[in-house]
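Notes to accompany the following structure.
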Number of protein chains: 2
Amino acid sequence: MKRGVGQGGYSLREKIFLKLRQDILDGKYKAGDSLVEMKLAEEMGVSRTPVREAIRQLELEGLVYSIPNKGVFVEGITSQDIEDIYAIRECMEGLAARWAIERMDEQSLKELENLCELMEFYTGKGDLDRVGELNSKFHDLIFESTNSKPLKQILSDFQYYIGNIRLASLKSPGRAEQSLSEHKAIVEAFKDRDVEKGERALVEHIRNTRLNYEKMRRD
Amino acid sequence: MKRGVGQGGYSLREKIFLKLRQDILDGKYKAGDSLVEMKLAEEMGVSRTPVREAIRQLELEGLVYSIPNKGVFVEGITSQDIEDIYAIRECMEGLAARWAIERMDEQSLKELENLCELMEFYTGKGDLDRVGELNSKFHDLIFESTNSKPLKQILSDFQYYIGNIRLASLKSPGRAEQSLSEHKAIVEAFKDRDVEKGERALVEHIRNTRLNYEKMRRD
DNA sequence: ATTGACTCTATTGTATACAATCCCCGGTGT
DNA sequence: ACACCGGGGATTGTATACAATAGAGTCAAT
């Protein structure tokens with residue numbers, strides 16, 4: 001039998017989960033919208049089963065809430081949530097920096113440096129979408145290097161949640177250049193294996209990102 | 001139709017999810033064990049569907065990992081994970097204290113005080129299981145009062161993860177009394193609406209819990 | 001006019017049926 | 001002895017069928 005959606009290595013459920021999450025984060029479904037299993041299933045040309053499973057996962061992530069026998073509704077994330085996430089990250093990325101600097105191997109360090117150079121290149125070219133991508137990889141690499149499952153999980157989720165925000169923030173004038181120099185400082189500290197400096201640099205970076213977001217929101 | 005398991009307000013999926021999670025955390029399923037949908041379904045007298053949904057949620061929480069078309073296997077949590085969780089909590093509960101003190105209403109404050117008094121009572125009676133329960137409620141109430149969805153979600157999950165550890169820790173000699181006095185200090189700070197003091201008290205409390213855990217592990 | 005019961009529809013909850021996949025294991029040829 | 005190939009069982013992935021429930025709208029009795 002020919003499969004409708006599930007080509008790319010992932011299972012249908014996985015693909016649907018990612019798609020729905022992206023759609024919610026993109027605002028395609030607004031808070032309060034109801035997600036009807038059958039409707040979604042038809043739209044994607046699959047049965048209800050994988051849709052259900054995807055929705056259950058969204059529920060656990062807190063992006064939707066479900067009222068038994070009634071329906072499931074989009075929760076979305078508020079700007080309050082985003083501010084909270086930045087505050088939390090400010091704490092946790094410090095921890096991440098500490099652990100990563102202690103545990104990161106030479107190869108990952110090289111890769112980190114490389115990512116930073118690529119960011120410089122694309123920042124120069126003004127391709128900010130690409131820069132945003134690299135930015136994600138940069139931080140993901142740090143999370144990965146902490147070698148801490150709990151920390152990794154939290155920060156990766158958060159990263160995904162605020163991905164769009166961060167991209168928008170990156171496009172505000174001057175921010176990309178500032179962000180770049182902050183990343184350079186982080187790489188510097190990592191190369192020196194200087195925990196104190198790295199922690200400061202990373203926390204500072206998050207802090208500036210948050211401030212920029214708040215400034216952007218005011219306009 | 002008569003329902004087999006889903007009596008208590010929850011859906012079958014919910015109950016199965018909670019049960020499986022508890023079983024994994026209790027060590028009934030050890031790391032590497034495979035969870036077979038059909039087997040679990042038969043054991044609980046339900047069909048595969050709700051079992052699948054529960055497993056998908058466990059997967060998202062990182063407690064199991066699934067290899068497509070092969071099976072799902074218990075990941076469990078290592079003692080490294082637990083130490084990491086304590087370290088993370090040490091950061092985040094400070095944040096929680098700050099937010100909760102600023103935002104907690106009088107009624108919740110009363111309740112917090114009440115929980116502390118109950119803990120004192122049961123600590124005196126030596127009913128540590130009950131104390132552990134109250135302890136969970138105590139911290140949950142604080143999380144709730146932060147009014148921050150992201151923070152709440154993370155800390156509640158962690159709390160659940162390490163629930164058993166904490167209970168064991170509470171039973172080591174003298175720890176219950178120490179824990180009680182720490183809780184009293186927290187309540188004190190909350191009543192005074194003293195952010196600095198509350199933050200210090202709560203962080204210190206987590207820190208001591210962690211130290212006690214490490215000490216316990218060494219024996 | 002209001003209220004209460006009732007049916008009807010939409011939706012989810014659960015069960016089962018069927019398809020696809022992986023992997024072990026044994027046979028077979030060299 | 002050993003590599004290779006193929007069958008069959010076990011397991012998950014997906015689809016569909018059926019049950020239960022909530023809620024809205026209707027209609028009759030008061």
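Only this structure's heavy atoms are used, side chains among them; waters, hydrogens and symmetry mates stay out. In the text below, chain A, chain B and the rest are named by the order of the sequence lines, each starting its count at 1.
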Rounded to whole Å, how long is the line connecting atom [atom1] of [X] with atom [atom2] of [N]?
{"X": "A:Leu40", "N": "D:dA15", "atom1": "CG", "atom2": "P", "value": "14 Å"}
{"X": "B:Met44", "N": "C:dA15", "atom1": "CE", "atom2": "C1'", "value": "16 Å"}
{"X": "A:Lys39", "N": "C:dT11", "atom1": "NZ", "atom2": "P", "value": "9 Å"}
{"X": "B:Leu12", "N": "C:dG13", "atom1": "CG", "atom2": "P", "value": "10 Å"}
{"X": "B:Arg13", "N": "C:dT12", "atom1": "CZ", "atom2": "P", "value": "12 Å"}
{"X": "A:Ile16", "N": "D:dT14", "atom1": "CD1", "atom2": "P", "value": "8 Å"}
{"X": "B:Ile67", "N": "D:dT11", "atom1": "CD1", "atom2": "P", "value": "14 Å"}
{"X": "A:Glu53", "N": "C:dA15", "atom1": "CD", "atom2": "P", "value": "15 Å"}

Margin query: Can you tell me how far apart OG (B:Ser145) and CD1 (B:Ile101) are? Round to the nearest 0.5 Å.
Written below: 10.5 Å
Starting the side chain at C-beta, find the nucleotide from [options] nearest to [X].
{"X": "B:Glu37", "options": "D:dT21, D:dG13, C:dT11", "value": "D:dG13"}
{"X": "A:Arg52", "options": "C:dG13, D:dT12, D:dT14", "value": "C:dG13"}
{"X": "A:Pro50", "options": "D:dT12, C:dA15, D:dA15", "value": "D:dA15"}

Notebook entry, point to check: B:Arg21 and B:Gln57: side-chain donor and acceptor closer than 3.5 Å?
Noted result: no
Notebook entry, point to check: Within the structure shown, what part of the strands sits under 4.0 Å from B:Leu35 by heavy-atom distance: base, sugar-phosphate, or nothing?
Noted result: sugar-phosphate
Next item on the list: Could you check whether the rings of A:His139 and A:His205 sit parallel, tilted or perpendicular, using 30° and 60° as the cut-offs?
Entry: parallel
Next item on the list: Specify the residue among B:Arg48 and A:Lys70 whose closest nucleotide of DNA chain C lies further upstream toward the 5′ end.
Entry: A:Lys70
Note to self: Strictly below 4.0 Å: does A:Arg56 bring a side-chain N or O up to OP1 or OP2 of C:dG13?
What the structure shows: yes
Check: Hey, which of these two, B:Met38 or B:Thr49, hits DNA chain D nearer its 5' end, going by closest nucleotide?
Finding: B:Met38
Margin query: Quick test of your reading of the model: are A:Glu61 and A:Arg56 salt-bridged, counting only N-O distances below 4.0 Å?
Written below: no
Note to self: Which residue is it: A:Leu167, A:Ile82, A:Asp157, A:Leu25? I am looking for the one with a side chain to side chain contact (heavy atoms under 4.5 Å, CB included) to A:Ile162.
What the structure shows: A:Ile82
